[in-house]
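Reviewing the structure listed below.
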Amino acid sequence: SFEAVKSKAEKGDARYQCALAECYAFGIGVTTNLAESVKWFGKAATNGFSEAQFELSIFYAYGLGVPADTNTAVYWTHQAASNGYATAQLMLGSWYSHGWGVREDQVESVKWYRMAAEQGIPDAQNNIGYCYQSGTGVKKNLSESVNWYRKAAEQGLAIAQENLAVCYSQGNGVAQDTKMAVTWFQAAAENGVAQAQFTIGYIYEYGLGLAQDPAQAIKWYSKAAERGIAVSQFQLGWLYSTGQGVETNYAEATKWYRKASEQGLASAQYNLGCCYHYAQGVAKDDMEAVKWYRKAADQSSADAQYNLGICYFNGEGVTKDESEASKWFRKAAEQGSMNAQYMLAASYFAGNGVVVGYAEAAKWFQKAARQGLAGAQFYLGYCYGTGSGVPKDYVQAYKWYNLASAQGNGTAKNNLSIIEQSMTPEQIAEAQQLSIAFAPQSEVNSSSSGAASPAEISPKATGTGFFITDDG
């Protein structure tokens, strides 16, 4: 009973002094009284009871029942840690790592983390693993990092499970092992780590170490998306828009694209722009499309730069401005967008927004043609056939007309029959061989629509649960 605890506390028993302090702190058998709680924690702490020393440090740190006093909080944390109280050792390590109440000292931080880790505190084990992985306060040692991550992960610490998964995924300190990576990502995901939930969704979507399962991908993307992971919100939108693992639902796709867009994800901003541009899931609104294209374009999304150029070229959602269109076509073209390269070339060919320049037109037609764009192949054939911007060359003209014709360009097919009349059989044979040997070479991987692969995941330290409440 409360009276029995109080009686023993008043006789100087430190354990009961600490217990009495807890009674006053939590209103157990008595009205809550934080000042009285501090008094009894103080008596127990002075009597060397490490748990009370630690609790007293918390009260001083937060100003519970006593004015906040950082120095006193540090003093009692240090006393508890020196007496072997593992949680205090973890917290003191965190304070030295972040310079809270003490001078930042990563070596001292590692010292206290190690003490707590050796007593089996999983957060400390994870943090010492992070220190070894990053070389913070200790010489970098990836295998030792894995050792500590594993200890924490096996105790169920979710962030350590994710860190260990990353090590297996990237081969950091351990042989690369996709199966083990998936195992630990799954564990972290099931324990609520949002980034791991996205990663598992991605693994299920593409069958990376697990059987491909779009429904499972939707499940895990949804969990991460609800937690605010922008790439997961984007990916969920993509699956709803393409009907993979779920019935096609453009309105739901737009909802998730918007959430990711509002977090600044360029690929989602581009896709949201497309939703408004092509009336998918929302009413057509070219001005809103331009707004989102511009946001993505300003983040160097080549697809968005191209579409923004198209809007200026056609006067959709903005005042028609061929000069501004050419500016955006160029930005996208320089990133390898074949459609933008084609439009920039066409602008130079026709003088739309730029001064007519056949050499510049041929240059950009060639870039797009090499990527396999039929329209660019046709016009490049025309340039070679007429000597526009390049030396006249019927072999090259035939090659590009032939490639465009094979993709269904009827005008290119007609031009082949015309140009053949000016070529020798040997030239025709050479051009046909060049056509056969041609293989498109992409200059860019689009990141604006389709899969948003997981970014490289960095290791994460954990906090103490008292002052550092996010990733460290």
Side-chain angles (χ1 to χ4, degrees), residues 74 77-78 80-82 84-189 191-196 199-200 209 454-472:
V74 170
T77 302
H78 207 288
S82 298
Y85 197 72
T87 307
Q89 293 169 341
L90 168 64
M91 190 157 71
L92 194 56
S94 182
W95 288 355
Y96 275 111
S97 176
H98 297 89
W100 190 92
V102 292
R103 177 178 55 84
E104 183 179 326
D105 187 333
Q106 298 301 334
V107 173
E108 191 72 7
S109 173
V110 169
K111 166 187 150 183
W112 292 107
Y113 280 152
R114 190 185 303 280
M115 288 184 184
E118 289 172 349
Q119 292 197 65
I121 301 297
D123 286 287
Q125 292 168 338
N126 179 72
N127 286 7
I128 198 79
Y130 172 82
C131 291
Y132 274 113
Q133 184 165 2
S134 61
T136 302
V138 67
K139 185 177 180 181
K140 188 172 184 176
N141 186 327
L142 295 181
S143 62
E144 191 67 10
S145 173
V146 169
N147 175 50
W148 286 108
Y149 284 150
R150 190 186 310 281
K151 288 179 184 290
E154 288 174 348
Q155 291 196 68
L157 186 66
I159 197 66
Q161 293 169 338
E162 183 187 30
N163 285 347
L164 185 58
V166 172
C167 291
Y168 275 112
S169 176
Q170 299 176 0
N172 293 333
V174 66
Q176 194 168 27
D177 188 328
T178 300
K179 184 177 179 180
M180 288 301 295
V182 169
T183 296
W184 287 111
F185 275 131
Q186 184 90 46
N191 279 328
V193 177
Q195 181 63 47
T199 302
I200 281 295
E456 182 176 342
I457 304 171
S458 300
K460 301 176 182 69
T462 56
T464 64
F466 296 98
F467 294 99
I468 311 300
T469 56
D470 292 323
D471 280 344

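For the pair S97 (side chain) and G93 (backbone), a donor-acceptor distance under 3.5 Å is absent. In this structure, Q89 contributes its side chain and A81 its backbone to a donor-acceptor pair below 3.5 Å. Without hydrogens or angle criteria, T199 side chain to Q195 main chain gives a donor-acceptor distance under 3.5 Å. Listed for the S145 side chain is no donor-acceptor partner under 3.5 Å among the backbone atoms of N141. Judged by distance alone, with hydrogens and angles left aside, the side-chain atoms of Q119 form a donor-acceptor pair with the main-chain N or O of G84 at under 3.5 Å.
The side-chain heavy atoms of L90 and N127, taken from C-beta on, include a pair separated by under 4.5 Å. Looking at Q161 and N191, their side chains come closer than 4.5 Å, going by heavy atoms from C-beta outward. Proximity of K140 to S134: side-chain heavy atoms (C-beta onward) are nowhere separated by under 4.5 Å. Here the side chains of W148 and N126 are not in contact, with every heavy-atom distance at 4.5 Å or above. Residues F185 and V166 have side chains in contact (heavy-atom distance under 4.5 Å, counting atoms from C-beta outward). Side-chain atoms of K111 and Y96, non-hydrogen and from C-beta on, never get closer than 4.5 Å to each other.
For the side chain to side chain donor-acceptor pair (under 3.5 Å) with Y149, the qualifying choice from E162, E144, Q133 is Q133, the only one to do so. Partner V146 forms a side-chain contact (heavy atoms from CB on, under 4.5 Å) with one of N172, V174, N163 and no other, that one being V174.
The two atoms that bring Q186 and I200 nearest to each other are N-CD1, 3.5 Å, heavy atoms only. Scanning both residues, A165 and W184, for their nearest heavy atoms gives CB-CB, 3.6 Å. Considering every non-hydrogen atom in both A88 and A80, the closest pair reads CB-CB, 3.6 Å. Of all the heavy atoms in R114 and V138, the pair that sits closest is NH2-CG2, 4.3 Å.
In this structure, the separation between CD on Q106 and SG on C131 is 6.5 Å, given to the nearest 0.5 Å. In this structure, CG in D123 is found 13.0 Å from CD1 in I128, a value given to the nearest 0.5 Å. One finds the CG atom of L142 at 12.5 Å from the CG atom of N147 (value rounded to the nearest 0.5 Å).
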For residues 151-158, dump all side-chain donor-acceptor pairs below 3.5 Å to protein atoms at least two apart in sequence or in another chain.
from, atom 1, to, atom 2, distance (Å)
Q155, NE2, G120, O, 2.9
Q155, NE2, Q125, OE1, 2.9

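Aromatic ring pairs are classed by plane angle as parallel below 30°, tilted from 30° to 60° and perpendicular above 60°; the pair W95 and W100 is tilted.
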